[in-house]
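What follows is a short report on a single structure.
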Amino acid sequence: MKWSRQNPGWVMFGAMIGLLFFLWGMAIPLAAAPDPIGPAAKQFAEGARVTVWLTLISGSAGVLLGFVAGLGKLSSFAPLRWLCSFYVWLIRGTPLLLQILFVWLAVPQILPDSLQISDFACAAIALALNVGAYNTECVRAGILAVPQGQVEAARALGLSPLQTFLDIVLPQSMRVALPALANNLASLVKDSSLAYAISVVELTMVGYRVQAESYQPIPVFLTIASIYLILTTAFTTLTAALETQLDVGRKRQENN
């Protein structure tokens, strides 16, 4: 534990390498398992990779969306503040499954025929909108946690509002918001399973198909649960190491 706190960069590197090896090598041990897992080993591996891609794409977009909406909720421009508040209220007050189905059914009707998007893209959009609403509150809380005195001191030293935000407010607010953002990312790995409702062939959909063919739900869903546990552990290890890397105050205390 102490070594991991002192070497967060190596922990992040090890977690990323381990995740890559797991995603592209998990079919080998699964192939040795008895029916119905062994014959479907490649399907489970492909489903896990789709789950990770869905998490990374929607998670990245959700962080960007949460950052923009978080700033919007703190804006002095009332219409922008109301719009961002309405977005958070709407998304957090409705089920994620409903949002996925709405995007899947509504977006193709809005877009022209030449711009139709895939089921994967619909799931990624819905997941990004959902996690972005939760990230909005994390970002807003992080910014509000920065002492106002530091902002005033920076302005007194001649820093512009943009310099004050980028050099003073943003680094400190991200350290405060990072644990909650990391928790949202870990939840997103599991929430991505709802993409099966619109026929995205991710991990849960693969498991559903395998158990429908084999009529053996126990080994299938135990395998799926084990894979999800490994994926969430890898993501939480990455984010915990990143949190340690950014926690300058704790590093100074440990060095002293």
Side-chain angles (χ1 to χ4, degrees), residues 1 4-16 19 52 55-77 80-81 83-85 87-88 91-92 124 127-191 231-256:
M1 182 66 70
S4 63
R5 290 181 178 178
Q6 294 176 346
N7 302 275
W10 284 108
V11 174
M12 293 174 62
F13 178 76
M16 288 188 291
L19 180 60
V52 171
T55 300
L56 292 177
I57 293 173
S58 57
S60 300
V63 169
L64 179 61
L65 185 58
F67 182 77
V68 173
L71 292 177
K73 288 197 69 174
L74 297 174
S75 173
S76 58
F77 185 56
L80 177 60
R81 190 170 64 250
L83 178 62
C84 294
S85 298
Y87 157 67
V88 174
I91 297 298
R92 295 180 66 179
L127 289 169
L129 289 172
N130 183 269
V131 75
Y134 290 91
N135 289 342
T136 297
E137 293 302 316
C138 300
V139 172
R140 184 182 68 88
I143 294 175
L144 292 176
V146 178
Q148 185 63 26
Q150 296 192 24
V151 178
E152 295 174 355
R155 297 300 302 276
L157 291 173
L159 273 69
S160 66
L162 180 60
Q163 290 175 321
T164 300
F165 177 76
L166 293 178
D167 297 336
I168 305 299
V169 177
L170 183 61
Q172 297 185 72
S173 64
M174 287 299 99
R175 281 201 292 267
V176 174
L178 185 59
L181 293 175
N183 182 68
N184 290 343
L185 179 62
S187 298
L188 184 60
V189 177
K190 297 172 289 184
D191 291 342
L231 294 179
T232 54
T233 300
F235 277 105
T236 52
T237 301
L238 277 169
T239 53
L242 179 61
E243 181 183 349
T244 303
Q245 182 74 25
L246 296 178
D247 198 345
V248 178
R250 180 178 299 175
K251 286 184 179 179
R252 289 177 177 173
Q253 291 178 2
E254 292 177 353
N255 292 332
N256 293 335

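These numbers were taken from a predicted model, which means no experiment stands behind them.
- Within the 3.5 Å criterion, the main-chain N or O of Leu129 finds a donor-acceptor partner in the side chain of Tyr87.
- The minimum heavy-atom distance between Cys84 and Gly72, with the atom names listed, is SG-CA, 3.7 Å.
- Summarising the geometry of Ile168 relative to Ala154, their closest heavy-atom pair is CG1-CB, 3.9 Å, with the distance given to 0.1 Å.
- With sequence neighbours excluded, the residues that form a side-chain contact (heavy atoms from CB on, under 4.5 Å) with Leu231 are Leu19, Phe22, Leu23, Thr51, Val52, Val189, Ile227.
- Checked against side-chain hydrogen bond (donor to acceptor under 3.5 Å, both in side chains), Gln163 has the following partners two or more places apart in sequence or in another chain: Ser160.
- Asn135 places a side-chain N or O within donor-acceptor distance of the main-chain N or O of Gly62, the cut-off being under 3.5 Å.
- Residue pairs that meet the side chain to side chain donor-acceptor pair (under 3.5 Å) test with at least one member in residues 141-158, sequence neighbours left out, are Gln150-Gln172.
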Exercise. Run the numbers on Thr55 and Leu185 for side-chain contact (heavy atoms from CB on, under 4.5 Å), then give the verdict.
Key: CA-CA 8 Å; Thr55 300; Leu185 179 62; 3.8 Å; yes

Quiz prompt | Evaluation steps, side-chain contact (heavy atoms from CB on, under 4.5 Å), between Leu170 and Phe67 | solution = CA-CA 10 Å; Leu170 183 61; Phe67 182 77; 3.5 Å; yes

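- Applying the salt bridge (Lys or Arg N to Asp or Glu O under 4.0 Å) test to residues at least two apart or on different chains, none of the pairs has a partner in residues 156-173.
- Between atom CG of residue Asn130 and atom CG of residue Asn184 there is a gap of 9.0 Å, rounded to the nearest 0.5 Å.
- Scanning all heavy atoms of the two residues, the minimum distance from Ala180 to Cys138 falls at CB-SG, 3.3 Å.
- Take Ile143 and apply the side-chain contact (heavy atoms from CB on, under 4.5 Å) test, not counting sequence neighbours, and it matches Leu71, Leu74, Val139, Phe165, Val169, Ser173.
- In this structure, Thr232 and Ala186 approach most closely via the heavy-atom pair CG2-O, 4.0 Å.
- Contact detail for Ala124 and Ser58: the closest heavy-atom pair is O-CB, 3.5 Å.
- The side chain to side chain donor-acceptor pair (under 3.5 Å) analysis of residues 62-76, with sequence neighbours excluded, yields the pairs Lys73-Glu137.
- With hydrogens and angles disregarded, no donor-acceptor distance shorter than 3.5 Å links the side chain of Ser60 to the backbone of Ile57.
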